[in-house]
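Below is one structure, written out as structure tokens; the observations come after it.
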There are 2 protein chains.
Amino acid sequence: MHKQKQQVMVEVRKLFTDFLENKGQRKTGERFMILEKLYERNDHIDAEALYNLINKQQHNVSRATVYNTLELLVESGLVMRHQFGQHYAEYEKAYGYRQHDHIICTECKKVVEFCDPRIQQIKTKMGELLEFNITRHELHLYGLCADCEKSKKESVAENVKEKVTAV
Amino acid sequence: MHKQKQQVMVEVRKLFTDFLENKGQRKTGERFMILEKLYERNDHIDAEALYNLINKQQHNVSRATVYNTLELLVESGLVMRHQFGQHYAEYEKAYGYRQHDHIICTECKKVVEFCDPRIQQIKTKMGELLEFNITRHELHLYGLCADCEKSKKESVAENVKEKVTAV
DNA sequence: CTCCATGCAAATTATTTGCATAGAC
DNA sequence: GTCTATGCAAATAATTTGCATGGAG
């Protein structure tokens with residue numbers, strides 16, 4: 001299991017190297033450091049947290065470089081950017097990591113991942129129909145999780161009680 | 001057709017009125033003005049453009065009010081916020097306007113709307129499975145439109161030619 | 001040795017906030 | 001008359017940019 005992760009890292013470094021060469025971009029240590037940090041984890045992280053993670057631990061990479069590199073990584077397809085809200089973008093490894101989508105609780109902001117094959121059918125169909133060469137997608141379902149749904153019901157009941165008491 | 005639009009406007013004003021009353025919020029002219037501007041159009045618009053639209057035309061509504069009202073409208077469900085990228089959020093009427101999703105060209109930023117019933121199946125299924133009460137969704141497909149796909153191919157051909165010439 | 005990528009801090013953009021006042025209720 | 005929503009400008013947050021320098025090619 002651990003070995004598999006090592007293997008992925010090797011492949012990914014190779015892919016990023018090729019990508020940078022093709023673009024005539026330099027292969028700097030900072031860039032590979034950021035790539036690695038993203039591939040070490042199995043969840044999303046935002047730019048600022050990534051910056052802190054790198055700098056508090058050991059190295060010294062500027063915010064500008066973090067943003068610049070994230071852009072490159074997204075362009076290379078090795079990293080996904082998820083824009084959950086206006087001030088809430090997160091990044092996550094994409095290679096060797098099953099394609100998945102997200103359900104977001106609008107109340108507690110909890111994010112749960114899921115996967116449904118029907119999305120692939122939509123992509124294929126719509127790409128054909130509208131003549132787009134579709135490379136990726138983002139699907140977000142919004143609603144209330146079981147907990148927040150329960151709290152809401154209780155709070156409504158509470159309100160009703162208050163009104164009754166008030167009258 | 002035009003009459004239908006008038007009819008929608010009446011219904012929507014009524015719904016927004018009820019919403020504001022329920023929240024104990026005031027029914028100000030600015031709020032209804034913004035609601036109307038959004039319902040007059042059949043496409044998306046961003047906060048700044050909406051602000052300009054209102055102020056250049058006739059009235060005088062501050063940015064703060066525009067943002068505040070957009071928030072309320074989204075909360076009421078009468079307006080949808082689409083977050084296409086990190087600096088690219090747009091708003092659009094939601095009531096009496098068929099639910100639809102978007103294909104975005106990553107090159108020229110063109111947005112095409114589409115509708116696929118399979119998305120409803122995913123929502124129902126995943127809501128059940130993960131115990132979420134799903135109220136809405138956002139599906140974005142990203143790729144190259146036919147035009148940009150063509151340009152890309154030509155540009156690649158061009159590059160090859162250059163390299164050959166250079167050697 | 002050349003020139004791009006980096007670090008840093010200042011700049012920018014979109015959005016939010018604080019405060020005084022107008023106006024909805 | 002009361003108190004909230006507004007306008008305005010200043011504040012904030014996330015991201016980008018300009019410039020001098022280090023280091024990849």
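Only a predicted model underlies this, so the values are computations on that prediction, with no experimental measurement involved. Values below: all heavy atoms of this structure, side chains included; hydrogens, waters and symmetry mates excluded. Residue numbers begin at 1 in each chain, while the letters A, B, ... track the order of the sequences.
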Check your understanding: Who pairs with A/N68 by side chain to side chain contact (heavy atoms under 4.5 Å, CB included), at least two apart in sequence or on another chain?
Key -> A/R31, A/L72

Pairs under 3.5 angstrom, nitrogen or oxygen only, protein versus nucleotides 12-22 of chain C, please.
unit_1, atom_1, unit_2, atom_2, d
C/dT15, OP2, B/Y67, OH, 2.4
C/dT15, O5', B/Y67, OH, 3.4

**Study point:** Atom-pair distance (CG on B/L20; P on C/dC25), nearest Å
**Key:** 9 Å

Check your understanding: With a 4.0 Å cut-off, would you call B/E21 and B/K27 a salt bridge?
Key -> yes

Check your understanding: So do the side chains of A/E131 and B/V112 get within less than 4.5 Å of each other, counting heavy atoms only?
Key -> no

Revision key, fill the gap. For B/K37, the salt bridge (Lys or Arg N to Asp or Glu O under 4.0 Å) test, sequence neighbours excluded, returns B/E40

Practice item. Would you mind reading off the distance between A/L72 atom CG and D/dT16 atom P, rounded to a whole angstrom? Key: 12 Å

Check your understanding: How many Å lie between OH on B/Y51 and C1' on D/dA9, as a whole number?
Key -> 11 Å

Practice item. Would you mind telling me which residue lines up with the more 5' stretch of DNA chain C, B/K27 or A/Q25, judged by nearest nucleotide? Key: A/Q25

Check your understanding: Counting side-chain heavy atoms from C-beta on, which of C/dT6, D/dG25, D/dT6 comes nearest to B/S62?
Key -> D/dT6

**Study point:** B/T135 side-chain N/O to A/Y142 backbone N/O, donor-acceptor pair under 3.5 Å
**Key:** yes

Review point. Taking atom P of D/dG7 as reference, at what distance in whole Å does atom CD1 of B/I54 sit?
Key: 10 Å

Exercise for review: Five pairs at each end of the helix from C/dC1-D/dG25 to C/dC25-D/dG1: take the axis at both ends and give me the angle between them to 10°.
Suggested key: 40°

Point to revise | Non-neighbouring partners of A/D101 that pass side chain to side chain contact (heavy atoms under 4.5 Å, CB included), sequence neighbours left out | key: A/Q99, A/F114, A/I119, A/H137, A/L139

**Study point:** Basic-acidic side-chain contact under 4.0 Å: B/E36, B/R13
**Key:** yes

Point to revise | Nearest-angstrom distance from the residue atom CG of A/D46 to P of D/dA13 | key: 14 Å

Review point. What's the closest nucleotide to the B/N60 side chain, out of D/dT4, C/dA5, D/dC8?
Key: D/dC8

Revision key, fill the gap. Residue set satisfying side chain to side chain contact (heavy atoms under 4.5 Å, CB included) with B/Q121, at least two apart, ordered chain then number -> A/R118, B/R118

Check your understanding: Atom CZ of A/R31 to atom C1' of C/dT6: distance rounded to whole Å?
Key -> 9 Å

Review point. In whole Å, what is the span from the CZ atom of B/F16 to the C1' atom of D/dA5?
Key: 12 Å

Study note, to complete from the structure: Side-chain contact check for A/T28: nearest option of C/dA5, C/dG7, D/dC8 is C/dA5

Check your understanding: Is the backbone N or O of B/H82 less than 3.5 Å from a side-chain atom of B/E92, with the two atoms forming a donor-acceptor pair by type?
Key -> no

Review point. Over how many whole Å does the gap from A/E30 atom CD to C/dC8 atom C1' extend?
Key: 14 Å

